[in-house]
Structure formats: C-alpha cells, structure tokens
Amino acid sequence: MNNSPLSNKNNRESVSISDELHPYNVDNIDGQIQNLLTTMSKVGFLIDVEVINNLEVEVEDLLKKLSVRIFHHIGYDINLNSSKQIAKLLYEDLELPSGKKKKTGFSTDEVTLKKIKKLHPIIPLILEYRTVYKLKSTYLESLRCRIEEDGRIHSTFLLDVASTGRIVSRDPNLQNIPIRGSWGEKIRKAFIVPCEKILIAIDYSQIDLRVLTHFSKESKLIEAFKQNQDIHLSTAMEIFNKKASDITADERRIAKTVNFGIIYGISPHGLSESLEINQKQAAYFIKTYLDKYPQVKQYLDLSRQNALKNGYTETLGGEKRYIPELKSKNHFIRSSGERMAINYPIQGSSAEIIKLAMLDIDCEFVRRKLSSSKMILQIHDELVFEVENEEKDAVIKIVKEKMENVVKLIIPLKVSIKEGVNWGEMTEILKLEMAIK
DNA sequence: GCATGATCC
DNA sequence: CACCTGGATCATGCA
C-alpha cells in the first residue's frame, strides 16, 4: 500500500518514464484523494451575498424587459421557458425554417437559432432571455439558497461518477460557474475570500494537447511545446501553410477547434457544425491536419485498433476503461465507442495528472505547515486556493512546482497563475518572486 | 421521469 | 446516405 508515489516521492521519480507504459504508480489515487476532497467541501467558497442580491435585481429587471419586447413583437404571451411553445411560435406561427427534428419536435437550441437569427428580430431576444434566465435560476437564486451559516457554499466533490476519472462537483456544481462574457465576470465577483487573504487560481496550459503529444510522440507538436509556442497558432500555420504573421484571428480559431476536435474524435459533420462551414471544407481541414501531423494520425488509428482488440483503453497510469460499444452492430453506437477510445486516454490521463498534483500539493502544505492556505476548488485542469497573504509566495511556488513536475512527460507541463480578491477579477502573475527558496 | 437547453472544462 | 465532438450538473416543462 505504501507503494504509492505520494507516501514515497522517490518511488515515482525513480521510475523510468521513457519506454514504460506506466510512467508512475497510480495505485489508489482515488482512495488517497478522498480525504482531500472532503476537506475542500468542508472549507467551502466564501460568497458576497450582496453581489448576488444586486445581480438578481438587475437580472429580473432585464428578464421583464426582454419578455415585454418579445410579446410586443408577436402580439400574445407564451411561456418563454417552454421549448415546445418556442418551436410552435418560430416554426408554425412565424413560419421560419426549422432545423433538424428531435424526438419530440424541432430543435430551438442556441446552435439552431443562431442560424436563423437574422430572419426575425425576436430570435436574439429569445437567446438573451434564455441566457439571463439560466443565470437567474441556476447561478443566482439557487446559489444564494445554498449559502450556509458560515457565509460559504459547500459543494460536494465526487470520484467514481465520471467514467474518465474526472472529479465531479455537485449540490451545487461549482465547476460550471459562468466565466465567459460580462455575466461571467459579474457572477464570479460574488466568489470572494476573507480579509487578509487572496484567491489564487492555477491552471494547466493545454494539458490535453500535451498528453496527446506525449502519447503520439508527434515531432511537430513536441517541437512546438518545447519552444512554448502558441499551439493553436502553430496548428494554424500547418493547416493553412502560412507563416505566423499571416495567420488571421479566424484561421487561428479554426485551428483551435480542429485541435479540440481531434481529441474528441470529431467527424467532418461535427466540425462543420461547430465552425459553421460546409462538410467538405471541414473534411479538408481534418485531412490536412492528419497529413501534417502523421504521428497523431498513427496514434489515433492505433488507439482505435487496440481498443477494439483489447476491449478497453487505458490512461498513462494504466487505469482502464472498457468500451463494449466498439463491438456494437449499430454504427452510431460503434462510432461513439471509437470516440470514447480516442478521448478516454487523453482526458483520463489529464485527470490523473491533476489528481496526483493535488495530493503532492496537499502533502507539501502539511510539511511546510501552511495551515491557513486551503485548496478550495478543482475544475478539471485548474486549482483554486484561498491563501493567507503572508503565505502567498510560498503557496504559488509550491503549487507551480508540484503541478509542473508531478509527472515527467516527453514535453514540459506548464501552468498559468492568477490572483485576485475575488473570482471575477483575477490578474495573471507573470513574474514570480524569486526571493523564497 | 424523460427531454430540452443552459453552464463549465 | 445519414449523421456522429469527449466528460459533467441543473432547472424547467410536460406527459
């Protein structure tokens, strides 16, 4: 049992990593991390209830205005929370072109509505209504009701829920608090720390693509990561065959979507949907990518073949996931299995890496007696800490060191570090204090 | 209790 | 030819 890399740091570091399938010992990571997750839950995240209350007023006002404007356009009232009534309004009463049919009717989700949003002025209003209603119900009212007597929200963190080994947060989920757009910042400003403390957030930079690079040993990706290049720009240069200075923002965006798509096992159809381009172009991007990164193509092919042969795929640490879908006669189910076979080793290994880093960090906090600084949240590739001001420099140094060195891949792992007095106004720390050893 | 659609990585 | 991006939680409508 004390085989664990965490009770014996040297054990893990002494393992040869270059040719071994299992570069580190992950025996019972989940068993060891359970206590840490329970502690995170008990510590909780301090909330400024005034920020929530003020936002609720603002949001309710906006919702009222939006619904009045929508009803004014159409001349009668409907329940804007009912997708069925929205579908009837758009596709029957207004006779707008409907997209694909679902089980029960025509879809009215964001992707579908964005395609027809220029055809009627209420469509953007409906989309805004949905966004703001979600904010009100899930991220304001519901969250406010979950503030406990200590002024904090105590989420529950679970293992053994996600099939990839990721940690899950629920009751409430603090892993999907909005971050994009102005609402994201406004909501996150309600997540605070006590006086004399500061919030530190550290996230892995491109961990999934680094894991893919490690597995595939793709020389172009290795080179890019070793030189710490902008990976999406680098991909854009390959698939568009241009030098960096000629790559447009749009081309970089396309490359970024292709990069993520590769990890998910995306099809030309899926890529065409998310990029809003035709399937032929999407297929061309995927083909070009695989031509330019032949070792990735080889790795993906091998990944599928081995999964079919063995019935499972595995992570860096040897954690297996059985994928019976690969043997299905149904093409849809089988393709889904193939995507799992591609994605699981990558997502699962990333999850392992951060869980190991969490354990290392926890051990080091204990050893260094940094008792006032607490890990309070994990969001898949990111850790959030509530930190005593005096301990800040030490915490940052420890967390960065542990996260970047927890396992040795064939390329470096990198983190970016942010600090702030609340979760909505975080600023990146580029220059580390070199004072403390 | 399922379907839908919103949020996150 | 169709349709097919991995992993989650949560609120609401509706049968």
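Every chain is numbered from 1 and lettered A, B, ... according to where its sequence line falls, protein lines coming before strand lines.
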With no angle test and no hydrogens, is the base of [N] tied to the side chain of [X] by a donor-acceptor pair under 3.5 Å?
{"X": "A/N81", "N": "C/dT12", "value": "no"}
{"X": "A/Q347", "N": "C/dG6", "value": "yes"}
{"X": "A/K84", "N": "C/dC14", "value": "no"}

For A/R188, salt bridge (charged side-chain N to carboxylate O under 4.0 Å, His left out) partners two or more places apart: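 With sequence neighbours excluded, A/R188 shows a salt bridge (charged side-chain N to carboxylate O under 4.0 Å, His left out) to no residue whatsoever.
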According to salt bridge (charged side-chain N to carboxylate O under 4.0 Å, His left out), who are the partners of A/K226, at least two apart in sequence or on a separate chain?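 For A/K226 there are no salt bridge (charged side-chain N to carboxylate O under 4.0 Å, His left out) partners, ignoring immediate neighbours.
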Across the strands shown, which category fits [X] at heavy-atom distances under 4.0 angstrom: base, sugar-phosphate, nothing?
{"X": "A/R170", "value": "sugar-phosphate"}
{"X": "A/I262", "value": "nothing"}
{"X": "A/R166", "value": "base"}
{"X": "A/N79", "value": "sugar-phosphate"}
{"X": "A/P268", "value": "nothing"}
{"X": "A/I379", "value": "sugar-phosphate"}
{"X": "A/F260", "value": "nothing"}
{"X": "A/S350", "value": "nothing"}
{"X": "A/D171", "value": "sugar-phosphate"}
{"X": "A/L135", "value": "nothing"}
{"X": "A/S137", "value": "sugar-phosphate"}
{"X": "A/R321", "value": "sugar-phosphate"}
{"X": "A/Q85", "value": "sugar-phosphate"}

Of the options [options], whose atoms approach the side-chain atoms of [X] most closely?
{"X": "A/H269", "options": "C/dC3, B/dC9, C/dA8", "result": "C/dC3"}
{"X": "A/E110", "options": "C/dC3, B/dA3, B/dT7", "result": "B/dT7"}
{"X": "A/D109", "options": "B/dA6, B/dT4, C/dG7", "result": "B/dA6"}
{"X": "A/N343", "options": "C/dG6, C/dT9, C/dA11", "result": "C/dG6"}
{"X": "A/P178", "options": "C/dG6, B/dT7, C/dT9", "result": "B/dT7"}

Please lay out, stage by stage, how A/L37 and A/L159 fare under the test side chain to side chain contact (heavy atoms under 4.5 Å, CB included). CA-CA 9 Å; A/L37 296 183; A/L159 300 158; 3.7 Å; yes
Any side-chain heavy-atom pair of A/N176 and A/T138 under 4.5 Å: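 The answer is no; the side chains never approach within 4.5 Å.
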Find the distance A/K256:NZ to B/dC9:P and express it as a whole number of Å.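 Whole-Å distance recorded here is 10 Å.
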Atom CZ of A/F106 and atom P of B/dT4: how far apart are they, to the nearest Å?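 Distance check: A/F106 CZ to B/dT4 P gives 13 Å.
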State, without any angle test, whether A/D208 and A/S350 hold a side-chain donor-acceptor pair at a distance under 3.5 Å.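 There is such a pair (donor and acceptor under 3.5 Å, judged by atom type) between the side chains of A/D208 and A/S350.
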Quick one: on DNA chain C, does A/Q279 or A/M340 contact a more 5' nucleotide (nearest heavy atom)?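 Looking at DNA chain C, the more 5' nearest nucleotide goes with A/Q279.
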